[in-house]
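One structure below.
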Amino acid sequence: MFPPMELGSKPLFPSIPLPTQPKPLETFLFSALAAAASLPHLHQAHAVLLRLGLHSSSFLISKLLRRLSEHQPPPPYPHLLSIFSRVPNPNSFLWTTLLRASPEPFAVYSQMRSRSPPPPPLSFTFSALLKSSTSASAGAQVHAHAISLGGFDADLFVQNTLIDFYVRCGGHLHSARRVFDGMPVRDFISWTSLIVAYSKNGEMEPAGEVFERFPEKDRVAWTAMVTGYAQNARPREALETFDRMLAAGVEFDEVTLVGAVSAVAQLGSARHAGWVRGVVDRAGFSSGNVVVGSAMVDMYGKCGLIDEAGLVFESMRQRNVFTFSAMISGLAAHGRAGEAITMFREMVSGTAIKPNWVTFIGLLTACSHAGMVEEGRYYFKQMKDKYGIVPSADHYACMVDLLGRAGLVEEALDMIQSMPVEPHGGVWGALLGACRIHGKTHVARIAAEHLFELEPNCIGNYVLLSNIYASAGMWDEVTQVRKLMRRRNLRKDPASSWMENKDGVVHEFFAGDDKHPMSRKIKEALEEILCRLKLDGYQPVLSSVVYDVSDDEKERLLKGHSEKLALAFGVLTTGTGDTIRIVKNLRTCEDCHVVMKMASKVMQRKIVLRDNLRFHHFQNGECSCGEFW
DNA sequence: ATAGGGTTAG
């Protein structure tokens, strides 16, 4: 398994220049070990140590073990142990190195303690034990033991590790805080660890308080705040913090930018995307860092600029499974299933990158949004058989969506009833969505019953069911659902659309509202647009209204839909060649979809509409979704 | 030796 430990004919450590002044042999060999570029190099180095009779040096052997265990995958533990066991009197440092590499660090620790005299543990020894502790009580025992030995009750290193440990083992925030409060001396790492402790538990307010109290905020602490807000779905605050950091003159790095970029992705704002791109470019990180690049691919996809995402993807020097998955999901969200599939095929045949379960979510979503049932079935099977990925409930949700959208609602129901994992809300929700498209009231009732139990507070499900009944003219059932909503004290999310004008001001519109300062002009502009569309044959799609009212009233309600108001506002406030970008919080209706298509042709405008789950690109009377949404 | 990083469905 291991290469023969013999000296080759090639120079051993070509990257290490010979010392100009003679240095002690051990020091020289130590730096050679540190720089050995590959596993074979390390094995050769080991052979040299053996020849020179230095295999008993704790100093050198611990470096060797350390370097060996850094490799992926590391050599098996028995191999490391055999190297270790040739050292007659291992020191604390070497014991700790072995302990870190061992599958059972506690066993190694007790062996170490049973020596006579026992080598004194180091801070580093306890941090290694804490790293491998999985329960809070195990960690607390290490903590208590360290204190009982004396000399560690105020050890900065051990205490810093403890803060991190208490959070990692399941959010024991109070214990982490107690350690922090009891520290006589704190450094950057103590402060940042506590900030991260709160933010990993979704508690950004206390995180912010600690941050403000920290007198010497450094780059990492600022980054922890930016990232914390981004990871807790608070993109505005993430970007505000990033702005403050720039204003304070603190240097940022790639990690900070990743936080900022992912915040912009959540905002979905094309203007912010352009801004953060500029920051990344000026800092010189545009194509050199896989993580920044992958985050940018994702960001552009989520901001509606899918072609820009493709350009970033192409320009990257390195790509990994995150990069490909982000690109595939982006293409899927923009209805470009063919390209998503091509990208997947290129990934599996043109690179050594293995797809993971997230990659398949993107790929299956692409198939389902394009109605490519057979392709979807094929890749679902491939995922299991060829890549050995066990389908999760999320994957089943994609499959139910795929079958259901394509009209195979009964087959989708069968799949749910026979799937080996417990279906969650996403799975039943996909089925309910399919029932809405295909008017399947019977299956809808089944799906809804499960959803009302799994997600009793999710309003969307009730609205969907009531709309399905309404479309079928089952008004008694509609009343029943509405009563149930009232009983459970649920209120409908108002539909809204928004767009950002050139100055970055976000204008939000609600159905039928006239609160916008330009409301009168917007309504006039909309009337004019609709008139022009009618000359081209537009007829309002009255079935999009799910209330039992007269046709005139239906037409009036349709005119109030928020995305139409946003469209009129866009026509009024942007230049003739500009793309109009609208975001809507819910699914868009048939009628608005028709209006957008026709407007894109009649007014010669590109319109990008993001609804709650995907992008529609309207151009020349057609939509990228191919009528499948 | 200890702190901050990207991809996920309805």
[X] [atom1] to [N] [atom2], straight-line distance once rounded to whole Å:
{"X": "A/Phe380", "N": "B/dA9", "atom1": "CZ", "atom2": "P", "answer": "16 Å"}
{"X": "A/Gln266", "N": "B/dT8", "atom1": "CD", "atom2": "C1'", "answer": "13 Å"}
{"X": "A/Phe59", "N": "B/dA1", "atom1": "CZ", "atom2": "P", "answer": "11 Å"}
{"X": "A/Leu586", "N": "B/dG10", "atom1": "CG", "atom2": "P", "answer": "15 Å"}
{"X": "A/Leu451", "N": "B/dG10", "atom1": "CG", "atom2": "P", "answer": "14 Å"}
{"X": "A/Met415", "N": "B/dA9", "atom1": "CE", "atom2": "P", "answer": "18 Å"}
{"X": "A/Leu331", "N": "B/dA9", "atom1": "CG", "atom2": "P", "answer": "14 Å"}
{"X": "A/Asp611", "N": "B/dA9", "atom1": "CG", "atom2": "P", "answer": "13 Å"}

Looking for any heavy atom pair under 4.0 Å, which part of the strands does [X] touch: base, sugar-phosphate only, or nothing?
{"X": "A/Asp401", "result": "sugar-phosphate"}
{"X": "A/Gly433", "result": "nothing"}
{"X": "A/Leu194", "result": "nothing"}
{"X": "A/Trp191", "result": "nothing"}
{"X": "A/Leu454", "result": "nothing"}
{"X": "A/His424", "result": "base"}

Determine all donor-acceptor pairs shorter than 3.5 Å in which one atom belongs to a side chain in residues 419-437 of chain A; sequence neighbours excluded.
residue, atom, partner, partner atom, Å
A/His424, ND1, A/Gly426, N, 3.1
A/His424, ND1, A/Val427, N, 3.4
A/His424, NE2, A/Asp394, OD1, 2.8

(request) For A/Tyr378, check ring pair (Phe, Tyr, Trp, His ring centres under 6.0 Å) against everything at least two apart and list the hits. (result)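 Once residues adjacent in sequence are excluded, A/Tyr378 has no partner under the ring pair (Phe, Tyr, Trp, His ring centres under 6.0 Å) criterion.
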(request) Can you check each nucleotide of nucleotides 2-7 of chain B against protein heavy atoms at under 4.0 Å and return B for base, S for sugar-phosphate only, - for none, in 5' to 3' order? (result) BBBBBB
Whether [Y] and [X] form a salt bridge (side-chain N of Lys/Arg under 4.0 Å from carboxylate O of Asp/Glu) is what I want to check.
{"X": "A/Glu375", "Y": "A/Arg345", "value": "no"}
{"X": "A/Arg100", "Y": "A/Glu70", "value": "no"}
{"X": "A/Asp307", "Y": "A/Arg336", "value": "yes"}

(message) For the backbone of A/Val312 and the side chain of A/Ser315, can you confirm whether one donor and one acceptor N or O come within less than 3.5 Å of each other?
(response)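 The answer is yes, because a donor-acceptor pair under 3.5 Å joins these two groups.
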(message) Using a 3.5 Å distance criterion without hydrogens, assess whether the side chain of A/Arg186 forms a donor-acceptor pair with backbone atoms of A/Phe180.
(response)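 Answer holds: yes.
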(message) B/dG10, OP1 or OP2 - any side-chain N/O from A/His369 closer than 4.0 Å?
(response)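 A/His369 to B/dG10 OP1/OP2: side-chain N or O found under 4.0 Å.
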